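Just so it is clear: chains get the letters A, B, ... in the order the sequence lines come, proteins before strands, and each one is counted from 1. Small disclaimer: the values here were computed from a predicted structure and weren't measured.
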Protein chains: 2
Amino acid sequence: MTAAPRPQDRSLPLRERKKLRTRRALADAALRLFGEQGFDATTLEELVDAVEVSKSTFFRTFPAKEAVAIEAEVELWSACLAALAERPLTGLVLAELQGVLAEVTAALDPDWDERYAATRELVRSTPALLSYMAHYRNEVEQQIIARLAERLDLPADDLRLRVLAQLTITAWSVSARDWVHSTDRGDRSSLTARLARTFAAIPAGLELRAGG
Amino acid sequence: MTAAPRPQDRSLPLRERKKLRTRRALADAALRLFGEQGFDATTLEELVDAVEVSKSTFFRTFPAKEAVAIEAEVELWSACLAALAERPLTGLVLAELQGVLAEVTAALDPDWDERYAATRELVRSTPALLSYMAHYRNEVEQQIIARLAERLDLPADDLRLRVLAQLTITAWSVSARDWVHSTDRGDRSSLTARLARTFAAIPAGLELRAGG
DNA sequence: GACCATATTGGCACTCGGTCTCATTTGGCA
DNA sequence: TGCCAAATGAGACCGAGTGCCAATATGGTC
């Protein structure tokens, strides 16, 4: 299942725990600072000063300023990709992908909800983050395709895999947006329910007709 | 039908014609320089020096260094969005979207093929451009959704519209990639045929099953 | 053709994200 | 304790992108 490793995990070597700690510290400080002053108005120097690390360390931990703002999203998809590699696949692939999302969201850190909500709000109101999110989800799409291609023994450029990966990400995006804006954010089972409804509504898109 | 306005068009005021000329000059020089030296290795200064305009003018014409490299893609979708606003919509919406692409690609400049092929090759081999393309297509997706929502009198957050817009862009992407790499690049009718095949193959994605 | 209001351009200083290099520190382990 | 490898910090450096102001070109008007 491979959930995100936590800094408290005493089984990890000290070095790794430290790295995870600064990573989390950076992500937390980022959500706070970006939320207070805005993403653009916050310089990297401010952020690394707040956490007391150097700019060098920042870029060894995150590939870009934008990345630290969407850690919660990254945690989600990292877990999904790990789950996708292990889970036995039977029947409709789209249903399996839905299952992976349900399984993974149930196992995330308790404080993930809040961080994810903050992330989405930040992304919504920041063009640079919206753009970076598109970039990141594109990479996730490629990864999902690669995993599926391997598991199903299909070529990586099979159109069907691309369609499935894309629809999965979209289904997540609209379900989560809905959930975050709803009153039962924090209730994971309501998220699962929303996912089920969204996945069920997908096929109707293909058959949509114009009135005239 | 509103194809891309051309600098030779004498009906346009001189001012507009000049702007279009520099725009095209920048896009052409960009494809050449980026192709020769690579995107990252070519500085903006080199580019604007080659066209003999200032950096200021560049950023008044394009929103980013990446944008000038994907002009051919932008021309395509601009024409599509214009067509989508005028075209009468009847029957399956997905089929209409396919129709728009077919109609638009048939009407593009004769030299568009070559520029588009160069663009795709450049994008394929340049991470920064891949990322920018994801960003741009995301914007196009929103535009398509907005147009469809208006025409079909549906809310802009209707999941079905998002699915349709996304599948259309994906169908274009794989059809065009295939076409560009094929021997009959330059034959627009073969592109139309590929589009038809790709659109027809979409529904099979939803029903893909795992062997086990 | 001269003139004026306005749109456009060029030049330039400046900010800041991101890369690179090298000296310094820290954790892992015998 | 002492050694090696890995991580960190410091700072120079590059180039994309922004803002400001002066210079220039355009399209009507008299």
Student: Starting from P on D:dA5, measure out to CZ on A:Arg15 and report it in whole angstrom.
Tutor: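 Atom-to-atom, A:Arg15 to D:dA5, this comes out as 11 Å.
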Student: Applying side chain to side chain contact (heavy atoms under 4.5 Å, CB included), name anything that partners B:Thr170, two or more places apart in sequence or on another chain.
Tutor: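 B:Thr170 satisfies side chain to side chain contact (heavy atoms under 4.5 Å, CB included) with A:Leu159, A:Arg162, A:Gln166, B:Val174 once adjacent residues are dropped.
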Student: Can you sort out the partners of B:Phe62 under ring pair (Phe, Tyr, Trp, His ring centres under 6.0 Å), two or more places apart, ordered by chain and number?
Tutor: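 Partners of B:Phe62 by the ring pair (Phe, Tyr, Trp, His ring centres under 6.0 Å) criterion, ordered by chain and then number, come out as B:Phe58.
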Student: How long is the line joining CG of B:Leu47 and P of D:dG15, in whole Å?
Tutor: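 Atom-to-atom, B:Leu47 to D:dG15, this comes out as 14 Å.
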Student: Within this structure, what is the CZ-to-C1' distance between B:Phe62 and D:dT18, rounded to whole angstrom?
Tutor: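 Interatomic distance, CZ of B:Phe62 to C1' of D:dT18: 18 Å.
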Student: Determine all donor-acceptor pairs shorter than 3.5 Å in which one atom belongs to a side chain in residues 29-41 of chain B; sequence neighbours excluded.
Tutor:
unit_1	atom_1	unit_2	atom_2	d
B:Gln37	OE1	B:Thr42	OG1	3.3
B:Gln37	NE2	B:Glu46	OE2	3.3

Student: Once you round it to whole Å, what is the distance between C1' of C:dT9 and CG of B:Leu20?
Tutor: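 In whole Å, C:dT9 C1' lies 16 Å from B:Leu20 CG.
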Student: In chain order, what residues pass the side-chain hydrogen bond (donor to acceptor under 3.5 Å, both in side chains) check against A:Arg87, with sequence neighbours excluded?
Tutor: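 Scan of A:Arg87 (side-chain hydrogen bond (donor to acceptor under 3.5 Å, both in side chains), adjacent residues dropped) gives A:Glu96, A:Glu103.
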Student: With 3.5 Å as the limit, what N/O pairs link the protein to nucleotides 15-22 of chain C?
Tutor:
unit_1	atom_1	unit_2	atom_2	d
C:dG17	OP1	A:Lys65	NZ	3.3
C:dG17	OP2	A:Leu44	N	3.2
C:dG18	OP2	A:Lys65	N	2.7
C:dG18	N7	A:Lys55	NZ	3.2
C:dG18	O6	A:Lys55	NZ	2.8

Student: Measure CD/B:Glu16 against C1'/D:dG27 and give the value in whole Å, please.
Tutor: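 Distance, rounded to whole Å: 12 Å.
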Student: For A:Arg17 and C:dG28, give me the distance from atom CZ to atom C1', rounded to whole Å.
Tutor: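 Going from A:Arg17 (CZ) to C:dG28 (C1'), I get 13 Å.
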Student: Measuring to OP1 and OP2 of C:dG10, would you say a side-chain N or O of B:Thr57 lies under 4.0 angstrom away?
Tutor: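 Yes, within the criterion.
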Student: Checking A:Tyr116 against A:Glu73: is there a side-chain donor and acceptor pair closer than 3.5 Å?
Tutor: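 Result is yes, a qualifying pair exists.
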Student: In whole Å, I'd like the distance from the CD atom of B:Glu52 to the P atom of C:dT9.
Tutor: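 My rounded result for the distance is 15 Å.
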Student: Mind calculating the distance between CG (A:Leu26) and P (D:dA7) to the nearest angstrom?
Tutor: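 Distance check: A:Leu26 CG to D:dA7 P gives 16 Å.
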Student: Considering residues at least two apart in sequence or located in another chain, which fulfil the side-chain hydrogen bond (donor to acceptor under 3.5 Å, both in side chains) criterion with A:Thr119?
Tutor: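 Applying side-chain hydrogen bond (donor to acceptor under 3.5 Å, both in side chains) to A:Thr119 gives none.
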Student: Heavy atoms from C-beta onward define the side chain here; which of D:dG9, D:dT26, C:dT8 lies closest to that of B:Lys18?
Tutor: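 Nearest listed nucleotide: D:dT26.
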